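In what follows, a single structure is set out as structure tokens and then discussed.
Model, not experiment: these values are computed from the prediction. FYI, side chains are in, hydrogens and waters are out, and symmetry mates aren't considered; it's all heavy atoms of this structure. Sequence lines set the chain letters: A, B, ... in the order given, protein chains first and strands last, and positions in each chain run from 1.
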Amino acid sequence: MKKIIFIVAAIIVGAMVVGAVDSIRPFGEPGASPMDDYFIASALKDRSSENVVTSIVFDYRGFDTIGEAAVLFTALCAITALFREGRKKL
Amino acid sequence: MNNMLHVVVLALLVLSAFFALWFKDLISSVISLAAFSVMTALEFYILQAPDVAIAEAAIGAGLSTTIYIIAIRACGKVKKSDGGDGR
Amino acid sequence: MRPLSVVVRTGCDLFAWFLIVFGANVIIHGDVTPGGGFQGGAVAATFITLLLVAYGGKKVFSWVRPGIFNGMLIFGLMAFFLLGLMGFPNSFFYNFIAVPHEVVQATGHGVIPPSGTIALMDIAVGIEVAGALSIIVLSMFRGIRLFREGPMEEESGHDR
């Protein structure tokens with residue numbers, strides 16, 4: 001009984017994955033791209049940075065990078081608090 | 001040429017993912033997971049995202065493998081010192 | 001963890017320094033080549049991981065002082081935040097020392113790269129990420145020694 005349920009679920013999930021892959025966009029042609037065109041055109045002209053990804057991460061979307069640094073700092077605080085050497089031995 | 005490379009890399013990806021689940025030995029499983037991560041980095045590089053490939057190769061294959069091995073060692077010691085799961 | 005064999009330690013001696021050099025290369029050239037602060041910092045943090053695996057915990061904790069990585073973390077975070085704050089009359093994270101591309105092509109550039117705060121933030125975030133990931137690995141390794149009470153068993157974490 002369990003195996004039948006497993007097989008049916010595997011067939012359904014596989015059909016959904018195949019359908020999703022079938023309707024994916026071709027490589028390198030996004031749907032709507034005015035923002036990408038603006039970034040690619042103005043990253044080299046205004047900021048003179050050849051790497052567009054870094055100019056987006058640190059300049060245009062700098063506020064999100066603050067969030068990423070906060071996430072890293074929070075993980076570090078949690079791990080340090082979890083593995084600290086207290087007075088009482090475990 | 002590019003299509004053939006895609007097929008080979010994806011097949012190795014599925015193979016290493018299968019072996020990561022199939023091994024009973026945890027260390028072998030972690031090494032297989034590192035191979036999975038290297039294959040993912042190669043796939044990102046083929047798909048023209050070298051930023052993500054560098055991050056994936058450094059974190060997935062370098063740091064997280066070490067962290068898993070450290071965790072496996074620590075669990076073994078806990079199990080040995082106070083009885084653990086009743087073995 | 002006990003130190004590994006002579007072969008692994010010699011390989012570590014040969015190849016560990018290239019990780020630092022490659023990580024610094026990725027960080028410093030973050031605005032021209034692929035990669036950036038986070039990627040270069042992660043590559044540079046792999047160095048301490050390789051030392052830890054090859055030489056064991058006792059030697060590495062006698063070599064490094066974890067306060068150095070703490071200082072790296074705080075310095076990088078503060079430099080990143082202050083560089084973002086310095087462009088404030090216009091907006092947060094305004095690139096206030098960027099030079100446009102025509103001017104750079106006409107005159108060349110000096111010490112500070114023409115992309116302005118992008119390259120400086122790359123260096124700051126790279127230092128921060130290298131320190132943070134090193135602290136994570138080192139403190140997780142120190143967490144093992146808290147659990148050690150009896151004699152060290154060898155290879156006891158297997159599932160067999």
Exam field: side chain Ser139(C) to backbone Thr80(A), donor-acceptor pair closer than 3.5 Å: no
Which heavy atom in Met140(C) sits nearest to a heavy atom in Phe83(A), and how many Å separate them? CG-CE1, 3.6 Å
Portion of Leu138(C) that has a non-hydrogen atom of chain A nearer than 4.5 angstrom: neither
Phe81(C), CZ: over 12 other non-hydrogen atoms inside 6.0 angstrom: no
Can you tell me how far CG of Leu72(A) sits from CG of Leu73(C), rounded to the nearest 0.5 angstrom? 7.5 Å
Within 6.0 angstrom of Ile4(A) CD1, more than 12 heavy atoms from elsewhere: no
Engaged part of Val129(C) at the chain A interface, taking heavy atoms whose separation is under 4.5 Å: both
Which heavy-atom pair separates Ala132(C) from Leu76(A) by the least distance, and what is that distance? O-CD1, 3.2 Å
Which heavy atom of His101(C) sits nearest a heavy atom of Leu44(A), and at what distance? CB-O, 3.2 Å
Part of Tyr60(A) within contact of chain C (heavy atom distance under 4.5 Å): neither
Is it the side chain or the backbone of Ile66(A) that comes within 4.5 Å of chain C heavy atoms, both, or neither? both
Give, as side chain, backbone, both or neither, the part of Leu77(C) having an atom under 4.5 angstrom from any heavy atom of chain A. side chain
Rounded distance (nearest 0.5 Å) linking atom CD1 of Ile118(C) with atom CG of Asp59(A): 4.5 Å
Without swapping roles, check the side chain of Asn51(A) against the backbone of Gly30(C) for a donor-acceptor pair under 3.5 Å. yes
Val99(C) backbone acceptor or donor facing Ser48(A) side chain under 3.5 Å: yes
Using a cut-off of under 4.5 Å on heavy-atom pairs, state which of Ala98(C), Gly84(C), Pro100(C), Gly87(C) scores highest against chain A. Pro100(C)
Of all heavy-atom pairs between Phe93(C) and Phe58(A), which one has the smallest distance, and what is that distance? CD2-O, 4.1 Å
Interface moiety of Ser91(C) toward chain A, non-hydrogen atoms closer than 4.5 Å: neither
With only heavy atoms counted, which part of Asp46(A) is less than 4.5 Å from chain C, the side chain, the backbone, both or neither? backbone
Just wondering, more than 12 heavy atoms not from Tyr38(A) lying within 6.0 Å of its OH? no
In terms of heavy-atom pairs under 4.5 Å with chain C, which of Val53(A), Val57(A), Thr65(A) leads? Thr65(A)
